[in-house]
Amino acid sequence: MDEARNDSLNELEIAFRQLPPPGEKCPPWLVDRLFRNLLIDVTGNTHRAEFCIDKLYSPDGPTGRLGLLELRAFEMPPHERMSLTQQLLLRSLVARFWKTPYAPARLARWGTGLHDRFMLPHFIAEDFADVIAEQAAAGFALRAEWFAPHLEFRFPKYGDFTARGVEVELRQALEPWHVMGEEGAAGATTRYVDSSLERIQVKAQAFFPERYVLTCNGRRIPMRPTGTAAEFVGAVRYRAWQPSSALHPTIGVHSPLTIDLYDTWMGRSLGGCEYHVMHPGGRNYTTFPVNAFESESRRRARFFRIGHTPGEFTLLPAETSVDFPYTLDLRRT
């Protein structure tokens, strides 16, 4: 809801105040009238909202009064065990809020932090751990380790390298698709989606910013502290492929990504790695991987612990983004 319009949270707070207090009778159609036009995506579509109430209790017709709340933010898990843990989490949340409704004094205004900080698996895992801790305090004995396969499945590890005691890890991060404007087509109007961008998380341990700098393709990665001593995390946003219809179509592909651990005292790279979006040999797989091991092997085939920038070189000046302080966007020259 806070990705649709800048004032959506303010309108949502007003809508919450129109609900009867807990314990008083609430007409079933009131929820639909209050929240239908707020639970939408950036294009105004109710079907792509994380909480879809189109079929909950709409007064417009019987097909909208099915008592269904659709949670569209969940992805299909790869096997039944992960599906069961998802259902267990949802059932515990419903049971908790049915008994004790959640009533925040003011909704959080994350702003661009939603598409910056909360795209990274490190901060998503921290936030999810808070949810598990709250559920445990409410009497639901959930364990964070039950959901570790979910995080590993959603944020697979590309690879890691170590140089001078600094451990650097690369993981896949979230990257929302950009909804394009309307374009004319044969007998219809279409709206394309730009899925050409990807994002990786770069996490470093035993990292000291007074001496070291992590770079991607020669540009500084904004590394931010995680709260653990000498542990920092940052993100790189890049164009993975170049479709004909995309936002900023003149910007080319940034692959391969060359990550360097730069020593500011010595003026050179101490080590690094290369990550390729596609198979470096140009191989095009014609079949789906048969299991998780083949998927991991394909992923590892695109990662190399060699190929860092050789020799001495001078870093470009640091780039800081006001809107996205955790992310290096390679599209900005």
Side-chain angles (χ1 to χ4, degrees), residues 119-126 148 151-175 198-240 253-283 292-316 318-319 326-330:
M119 295 289 105
L120 304 183
H122 174 82
F123 296 105
I124 292 176
E126 279 191 343
L151 296 172
E152 193 64 33
F153 171 73
R154 191 59 187 86
F155 306 109
K157 179 179 177 180
Y158 290 148
D160 54 41
F161 71 91
T162 302
R164 294 291 180 89
V166 181
E167 301 176 6
V168 181
E169 178 194 73
L170 270 64
R171 280 190 181 272
Q172 179 178 322
L174 295 178
E175 180 57 44
E198 292 186 8
R199 190 181 313 225
I200 62 171
Q201 173 186 273
V202 182
K203 191 173 185 179
Q205 295 179 334
F207 181 82
F208 299 96
E210 294 81 6
R211 177 174 181 179
Y212 301 123
V213 173
L214 276 170
T215 67
C216 179
N217 292 1
R219 298 170 60 186
R220 299 172 186 244
I221 302 175
M223 303 299 291
R224 303 293 176 180
T226 64
T228 303
E231 184 180 74
F232 290 76
V233 67
V236 179
R237 192 182 190 194
Y238 61 96
R239 170 145 284 164
V253 175
H254 298 113
S255 177
L257 303 180
T258 302
I259 308 295
D260 287 296
L261 179 65
Y262 184 81
D263 188 345
T264 59
W265 295 0
M266 306 295 290
R268 61 184 180 87
S269 173
L270 301 177
C273 64
E274 272 192 358
Y275 170 70
H276 296 255
V277 176
M278 301 176 62
H279 192 279
R283 181 179 181 184
F293 296 106
E294 184 179 355
S295 298
E296 184 177 3
S297 66
R298 293 186 183 185
R299 204 162 49 240
R300 293 295 181 127
R302 297 185 274 117
F303 179 84
F304 298 89
R305 289 192 178 93
I306 58 176
H308 67 91
T309 306
E312 295 184 1
F313 62 96
T314 303
L315 282 181
L316 296 174
E319 308 170 31
Y326 287 81
T327 305
L328 165 64
D329 195 337
L330 291 180

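Basis for what follows: all heavy atoms, side chains included, without hydrogens, waters or symmetry-related copies.
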Do the side chains of Val233 and Phe123 get nearer than 4.5 Å, heavy atoms only? yes

Roughly how far apart are Asp160 CG and Lys203 NZ, rounded to 0.5 Å? 12.0 Å

Note: Ile259 and His308 closest approach over all heavy atoms is O-CB, 4.4 Å

Whether Tyr262 side chain and Phe313 backbone form a donor-acceptor pair below 3.5 Å: yes

Can you check whether Phe304 reaches Pro280 side chain to side chain, under 4.5 Å on heavy atoms? yes

Answer yes or no: is there a donor N or O on one side and an acceptor on the other, between the side chain of Gln201 and the main chain of His122, under 3.5 Å? yes

Between Tyr275 and Arg302, do the side chains contain a donor N or O and an acceptor N or O under 3.5 Å apart? yes

Considering the options His254, Glu175, Glu198, which one meets the side-chain hydrogen bond (donor to acceptor under 3.5 Å, both in side chains) requirement together with Tyr238? Glu198

Where do Lys157 and Glu296 land on the side chain to side chain contact (heavy atoms under 4.5 Å, CB included) test, with the steps shown first? CA-CA 9 Å; Lys157 179 179 177 180; Glu296 184 177 3; over 6 Å; no

Around atom CZ of Arg300, are there more than 12 heavy atoms of other residues, nucleotides or ligands at under 6.0 Å? yes

Working to the nearest 0.5 angstrom, can you tell me the gap between Asp260 CG and Phe161 CZ? 7.5 Å

Indicate yes or no: at least one non-hydrogen side-chain atom of Leu330 is less than 4.5 angstrom from one of Leu257. yes

Just by distance, do the side chain of Thr264 and the backbone of Arg211 share a donor-acceptor pair under 3.5 Å? yes

Donor-acceptor pair, side chain of Arg219 and main chain of Leu316, under 3.5 angstrom: no

Closest approach of Thr309 to Ser269 (non-hydrogen atoms, all atoms of both residues): O-CB, 3.4 Å

Looking at every heavy atom in both Ala204 and Val166, which two are closest together, and how far apart are they? CB-CG1, 4.4 Å

Let me see the working for Arg154 and Leu174 under side chain to side chain contact (heavy atoms under 4.5 Å, CB included), right down to the final yes or no. CA-CA 9 Å; Arg154 191 59 187 86; Leu174 295 178; 3.3 Å; yes

As an exercise, state the distance from CZ of Arg239 to CG of Asp329, rounded to the nearest 0.5 Å. 10.0 Å

Report yes if some heavy atom in the side chain of Thr327 is under 4.5 Å from a heavy atom in the side chain of Pro222; otherwise report no. no

Just so I know, are the side chains of Met223 and Tyr212 near enough to count as touching, which here means a heavy-atom distance under 4.5 Å? no

Check this for me, if you would: do Arg268 and Asp263 make a salt bridge, where the nitrogen-to-carboxylate-oxygen distance has to be below 4.0 angstrom? no

Enter the distance from Tyr326:OH to Arg224:CZ here, rounded to the nearest 0.5 Å. 7.0 Å

Would you compute the distance between atom CZ of Arg171 and atom CG of Leu120 and round it to the nearest 0.5 angstrom? 12.5 Å

Between atom CD of Gln172 and atom CZ of Arg299, what is the distance when rounded to the nearest 0.5 Å? 8.0 Å

If every non-hydrogen atom of Thr258 is compared with every non-hydrogen atom of Gly307, which pair is closest and at what distance? CG2-O, 3.5 Å

Derivation and outcome, side chain to side chain contact (heavy atoms under 4.5 Å, CB included), residues Val253 and Val277: CA-CA 10 Å; Val253 175; Val277 176; 5.6 Å; no

Closest heavy-atom pair and its distance - Cys216, Val236: SG-CG1, 3.8 Å

Go through Leu214 and Phe232 one step at a time and tell me if the side chain to side chain contact (heavy atoms under 4.5 Å, CB included) criterion holds. CA-CA 10 Å; Leu214 276 170; Phe232 290 76; over 6 Å; no

Which heavy-atom pair separates Ala206 from Gly165 by the least distance, and what is that distance? CB-O, 3.4 Å

Would the distance check show the side chain of His276 and the main-chain N or O of Met278 forming a donor-acceptor pair, the cut-off being under 3.5 Å? no

